[in-house]
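Comments concern the structure below.
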Amino acid sequence: MDTTTKANRKYSKQIPVYIYDNADAASTHVAKQIVDLIRKKSERGECPVLGLATGSTPLPVYRELIKLYRNNKISFQNVITFNLDEYYPIEPSTRQSCAAYMYDNLFNHIDIKEKNIHIPSGNLNRDEIAEYCRNYENKIVDHGGIDLQLLGIGRTGHIGFNEPGSVMNSNMRAVKLDKLTREDAADDFMGEENVPRQGITMGVSTILGADKIILMAWGKHKANIVAQLVEDNISKHVPATFLQEHSNAEVILDKSAACKLT
Ligand code: PGA
């Protein structure tokens with residue numbers, strides 16, 4: 001069987017899980033879904049709305065999208081994007097910011113319009129955050145909601161920066177980052193002490209508002225939390241389990257991330 005184009009499909013109680021040989025094969029499939037969505041909505045004269053994530057997980061998807069753009073297979077002219085989260089406090093020009101990541105790894109290489117890009121701001125005054133978050137969520141609604149939300153998963157079970165303890169009806173807000181999340185970011189920031197202590201994130205409820213959600217995970221270090229996400233009961237202690245409540249969410253894994261599924 002050509003495992004670069006076909007995945008094994010397993011079902012949890014509710015979330016379909018697709019397991020690929022490796023992250024590149026899985027990412028080609030995810031990029032294809034994005035391209036299909038962009039084409040379908042564009043043909044109808046509508047603007048596709050993508051919810052985007054940062055971290056190492058979506059990098060091969062972004063590489064594939066850039067390749068498809070360079071080969072004239074797709075245009076991002078009418079694509080609207082909303083990013084999930086940002087560190088707080090951080091300047092967008094800081095190399096480790098989610099903003100810098102998005103420009104370096106995707107936006108600088110495709111024809112997306114600057115005005116269509118939305119990334120939570122990490123350099124607000126503290127007293128501006130609540131209103132900023134309300135406006136960000138209103139903008140998502142004004143654009144008709146997110147068509148497709150990409151997610152990674154942190155080893156804490158976070159989606160966005162919704163760390164353990166985040167409830168299902170949480171909205172966009174400032175949050176304290178879990179110690180494990182800061183440890184995992186320590187190399188990027190050249191030491192845990194340099195990792196910001198907070199983040200601004202779409203809430204669980206904001207994420208669940210997307211029409212379709214694709215959560216991706218690669219590597220053995222994600223296997224435990226992936227097994228909890230797919231097989232455990234829904235709990236605020238593993239916020240990713242809330243995806244089990246979504247009617248159109250799927251989990252895309254490489255073999256290593258799937259190795260603890262029973
Ligand atoms: P990673 O992070 O893609 O760098 O593993 C995922 C996450 O924390 O959501």
Side-chain angles (χ1 to χ4, degrees), residues 15 20 22-24 26-27 30-31 50-65 82-88 90 94-102 104-106 119-120 122 146 148-166 170 172 175-190 192 194-204 206-208 210 213-230 236-243 249-260:
I15 307 189
Y20 286 79
N22 55 57
D24 282 343
S27 299
V30 174
L50 301 178
L52 298 180
T54 54
S56 58
T57 306
L59 284 174
V61 175
Y62 297 153
R63 278 199 293 272
E64 180 66 18
L65 290 176
F82 285 92
N83 263 80
L84 269 176
D85 50 12
E86 179 57 284
Y87 290 102
Y88 182 84
I90 202 162
T94 304
R95 186 178 62 78
Q96 296 89 346
S97 71
C98 296
Y101 168 107
M102 285 311 304
D104 287 351
N105 293 300
L106 183 63
I119 305 173
I146 290 173
L148 174 58
Q149 176 69 57
L150 292 187
L151 295 177
I153 181 168
R155 288 194 301 147
T156 61
H158 71 203
I159 45 175
F161 276 142
N162 292 285
E163 299 286 15
S166 300
S170 52
M172 191 162 176
V175 291
K176 184 168 177 280
L177 299 183
D178 196 275
K179 178 158 172 48
L180 185 55
T181 298
R182 294 184 65 241
E183 263 172 49
D184 283 348
D187 281 354
D188 272 356
F189 282 86
M190 283 162 299
E192 195 182 320
N194 302 321
V195 181
R197 291 185 179 275
Q198 287 187 278
I200 304 224
T201 185
M202 284 186 196
V204 175
T206 329
I207 292 170
L208 293 180
I213 300 176
I214 298 180
L215 182 143
M216 302 170 284
W218 329 130
K220 214 169 152 197
H221 63 298
K222 296 287 175 77
N224 278 328
I225 198 68
V226 162
Q228 289 179 58
L229 147 68
V230 174
K236 67 177 182 183
H237 302 300
V238 182
T241 57
F242 289 124
L243 297 179
E250 64 187 49
V251 172
I252 307 254
L253 306 173
D254 68 358
K255 280 186 171 161
S256 316
C259 71
K260 296 269 170 73

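Indexing begins at 1, ligand by ligand and atom by atom, following the structure's order.
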Going by the rule side chain to side chain contact (heavy atoms under 4.5 Å, CB included), which residues pair with Ala99 if we only count those two or more places apart in sequence or in a different chain?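 Per chain and number, Ala99 pairs via side chain to side chain contact (heavy atoms under 4.5 Å, CB included) with Glu86, Pro92, Ser97, Ile119.
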Report the residue from Ile252, Asp254, Leu253 that forms a side chain to side chain contact (heavy atoms under 4.5 Å, CB included) with Tyr20.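 Among Ile252, Asp254, Leu253, the one meeting side chain to side chain contact (heavy atoms under 4.5 Å, CB included) with Tyr20 is Ile252.
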Could you tell me the separation between the [atom1] atom of [X] and the [atom2] atom of [Y], rounded to the nearest 0.5 Å?
X: Leu150; Y: Thr57; atom1: CG; atom2: OG1; answer: 10.5 Å
X: Glu250; Y: Ile213; atom1: CD; atom2: CD1; answer: 10.5 Å
X: Glu192; Y: Asp184; atom1: CD; atom2: CG; answer: 9.5 Å

Does a side-chain heavy-atom distance below 4.5 Å link Val238 with Ile225?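 In short, these two side chains touch, coming nearer than 4.5 Å.
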Below 3.5 Å only, please: the N or O atoms of ligand 1 paired with protein N or O atoms, distance on each line.
residue, atom, partner, partner atom, Å
ligand 1, 3 (O), Ser56, N, 3.1
ligand 1, 3 (O), Thr57, N, 2.9
ligand 1, 3 (O), Thr57, OG1, 2.5
ligand 1, 4 (O), Ser56, N, 2.9
ligand 1, 4 (O), Ser56, OG, 3.1
ligand 1, 5 (O), Lys222, NZ, 2.6
ligand 1, 8 (O), His158, NE2, 2.6
ligand 1, 9 (O), His158, NE2, 3.3

